[in-house]
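Let me begin by presenting the structure, written as structure tokens, before commenting on it.
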Amino acid sequence: MRKTYLALILPTVLVIANTEAQEAASIELGSFDLVPSLQYKFGHDDNVTRSNTSEINSWFHTISPEAILLNNYGANQVQVGYRLESKDYFSSQIDNYTDHFLNAKIDHEFNSRNRLKAEANWEDGHDDRGTRFSIGNGSTLNEPDQYKSSGLEAVYSYGALTSQLGLDFIFDYQTLDYDIESDVYRARDRDTTTFGGTLRYEVAPLTELTLDYTHKTVDYDFALNPDNPLDSTENLVLLGVNWESTAQTSGYAKLGYRAKDFDAQDRDTFNGVDWQVGVVWQPVSYTKLDLTTFSNTNETNGEGNFIKSRTYRATWSHDWLERLTTRLVTSFDQDRYEGEEGVTTRSDDTIRVGAGLTYQFRRWMQFNLDYVKDTRSSNRDIIDYDRDLVSFTVKVTL
């Protein structure tokens with residue numbers, strides 16, 4: 001069935017006439033411009049709940065309208081947006097969902113030395129069955145886990161864009177609140193506060209040294225064991241370099257140290273090496289290779305004190321025609337669940353391979369054809385799964 005579907009879609013996409021790319025049109029509303037869009041996706045998922053045994057095959061379709069209000073004044077911009085995403089599975093209706101997203105952004109330049117970027121967001125979202133807290137146990141849920149989240153991010157930059165020395169101050173506050181009020185779900189709710197900064201120093205044309213510092217606190221609303229909460233404090237220091245050695249190559253490399261300290265005495269402090277590396281190679285204007293790797297610590301989803309993760313990713317994109325682009329993506333994620341006493345440390349490896357095609361049918365209409373294969377292996381057999389996802393997307397603007 002999947003081969004038949006691809007055979008029908010590909011010729012349709014490839015014979016579309018080539019047109020010149022332009023920005024989406026807008027509707028003038030006083031001092032604001034309204035930019036509406038609509039995205040429709042149709043596809044097939046052969047393992048909806050990412051299960052090791054009880055796999056659910058289903059066709060699906062997703063509709064996602066969005067409206068963005070923009071106001072540009074000089075070099076500054078204010079933006080307010082709303083997006084709805086509704087997904088229906090033809091053979092697994094309990095996995096259907098409707099999510100809502102709100103955000104507001106401001107990009108303001110006080111003068112040549114002082115700039116501010118800030119964004120507030122709110123989400124009425126969900127976790128798919130078989131993801132996050134229900135990994136390996138998605139079939140035990142009667143519906144996706146639903147939550148509300150909100151946040152505020154801000155970056156204040158000091159120093160002219162042409163100056164040798166620059167400093168960025170960052171602040172990030174995020175909340176997570178699951179809808180169900182049982183103790184198990186209340187124990188997931190948390191507030192995360194992050195602040196810090198980045199010092200940038202130009203040592204040569206198109207090359208700068210960076211020093212990053214962030215301090216993060218994670219406060220949970222409820223602890224299943226009041227004597228052993230998951231509340232923690234984390235500090236990260238990274239020393240790195242940003243460069244653009246030629247017109248074809250640019251990148252960044254950062255290496256440093258991360259420490260995560262729990263409020264509970266029974267939970268061990270974590271200390272370890274951290275890194276962030278990214279290289280973009282573009283030998284010609286129509287082809288680009290992007291290589292990325294980084295390490296991170298994530299909050300636990302039910303096992304261990306926290307998740308130590310490592311990610312390796314490669315993306316290749318190529319413009320065959322002015323309006324026809326293909327992309328290949330592969331990634332490898334390692335998740336190690338640290339701190340569980342008396343049992344073998346859980347370790348999950350996930351490999352993801354994807355291919356996509358984008359065609360700009362008209363200025364106001366874009367087609368995307370995508371295929372993704374996920375494979376996860378773990379030393380917990382129930383966590384293993386294979387999944388193939390194919391989709392065809394139409395995006396329409398004014």
Side-chain angles (χ1 to χ4, degrees), residues 123 125-152 170-196 213-237 256-274 295-310 333-349 376 378-383:
E123 177 183 349
H126 80 288
D127 297 333
D128 289 333
R129 291 196 304 157
T131 65
R132 216 163 181 177
F133 289 92
S134 64
I135 289 179
N137 296 287
S139 59
T140 64
L141 301 182
N142 295 321
E143 61 181 358
D145 284 334
Q146 297 176 334
Y147 62 81
K148 305 291 191 302
S149 68
S150 59
L152 174 64
I170 65 170
F171 173 80
D172 187 353
Y173 176 73
Q174 302 290 330
T175 69
L176 178 65
D177 184 7
Y178 280 85
D179 292 356
I180 297 177
E181 289 300 320
S182 67
D183 287 352
V184 173
Y185 280 81
R186 288 172 59 208
R188 306 174 181 180
D189 300 344
R190 59 181 180 263
D191 297 339
T192 304
T193 306
T194 304
F195 64 85
Y213 169 74
T214 56
H215 175 84
K216 181 171 73 174
T217 59
V218 183
D219 296 312
Y220 283 80
D221 294 349
F222 177 79
L224 293 173
N225 181 357
D227 296 327
N228 196 25
L230 281 166
D231 298 350
S232 66
T233 301
E234 188 171 293
N235 291 283
L236 173 65
V237 178
Y257 175 82
R258 185 191 298 266
K260 187 177 182 68
D261 185 25
F262 291 90
D263 291 357
Q265 295 182 356
D266 293 338
R267 298 186 186 273
D268 295 335
T269 297
F270 166 75
N271 300 280
V273 175
D274 216 78
S295 59
N296 202 0
T297 56
N298 299 311
E299 295 302 295
T300 179
N301 53 31
E303 190 171 346
N305 294 339
F306 69 97
I307 305 170
K308 183 172 69 174
S309 65
R310 298 177 178 180
D333 296 288
Q334 294 178 308
D335 292 328
R336 184 178 175 88
Y337 290 68
E338 299 287 350
E340 191 76 13
E341 298 292 338
V343 296
T344 303
T345 300
R346 174 177 156 188
S347 181
D348 300 345
D349 294 340
R376 182 169 62 212
S378 172
N379 57 358
R380 306 283 194 272
D381 291 341
I382 194 175
I383 306 299

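These numbers come from the heavy atoms of this one structure, side chains and all, not from hydrogens, waters or symmetry mates.
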Full working for salt bridge (Lys or Arg N to Asp or Glu O under 4.0 Å) between Asp179 and Lys148 = CA-CA 7 Å; Asp179 292 356; Lys148 305 291 191 302; 3.2 Å; yes
Output, in order, the C-alpha distance, side-chain angles, deciding distance and verdict of side-chain hydrogen bond (donor to acceptor under 3.5 Å, both in side chains) for Asp191 and Thr175.
-> CA-CA 5 Å; Asp191 297 339; Thr175 69; 5.0 Å; no
Salt bridge (Lys or Arg N to Asp or Glu O under 4.0 Å) between Glu234 and Arg258, worked out = CA-CA 7 Å; Glu234 188 171 293; Arg258 185 191 298 266; 2.4 Å; yes
Please test Asp189 against Arg186 for salt bridge (Lys or Arg N to Asp or Glu O under 4.0 Å), starting from the C-alpha separation and ending with a verdict.
-> CA-CA 5 Å; Asp189 300 344; Arg186 288 172 59 208; over 6 Å; no
Determine, stepwise, if the pair Ser347 / Gln334 fulfils side-chain hydrogen bond (donor to acceptor under 3.5 Å, both in side chains).
-> CA-CA 7 Å; Ser347 181; Gln334 294 178 308; over 6 Å; no
Take Tyr185 and Asp145, measure what side-chain hydrogen bond (donor to acceptor under 3.5 Å, both in side chains) needs, and give me the verdict at the end.
-> CA-CA 9 Å; Tyr185 280 81; Asp145 284 334; 2.7 Å; yes
Could you go step by step and tell me if Asn305 and Arg267 meet the side-chain hydrogen bond (donor to acceptor under 3.5 Å, both in side chains) rule?
-> CA-CA 7 Å; Asn305 294 339; Arg267 298 186 186 273; 2.5 Å; yes
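Asp172 and Thr194 are not linked by any side-chain donor-acceptor pair at a separation below 3.5 angstrom, with hydrogens and angles left out of the test. Judged purely by distance below 3.5 Å, without hydrogens or angles, the side chains of Asp261 and Thr233 never pair a donor atom with an acceptor atom.
Between Asp268 and Phe270 the shortest side-chain heavy-atom distance does not fall below 4.5 Å. Counting heavy atoms from C-beta on, the side chains of Phe195 and Ile170 never come closer than 4.5 Å. For the pair Arg346/Ile383, a side-chain contact is recorded, criterion being any heavy-atom separation below 4.5 Å from C-beta on. Between Asn235 and Tyr213, some side-chain heavy-atom pair lies under the 4.5 Å cut-off.
Ring centers of Tyr178 and Tyr147: under 6.0 Å apart, within the cut-off.
Closest non-hydrogen pair, Leu141 versus Arg129, comes out as O-NH1, 3.1 Å.
If you take CG on Asp183 and CZ on Arg188, they are separated by 12.0 Å, rounding to the nearest 0.5 Å. Gln174 CD to Thr193 OG1: the interatomic distance, rounded to the nearest 0.5 Å, is 9.5 Å. Put simply, CG on Asn301 and CD1 on Ile135 are 4.5 Å apart, with the number rounded to the nearest 0.5 Å.
Stacking of Lys308 on the aromatic ring of Phe306 is not recorded, the 6.0 Å distance cut-off and the 45° axial limit not both being met.
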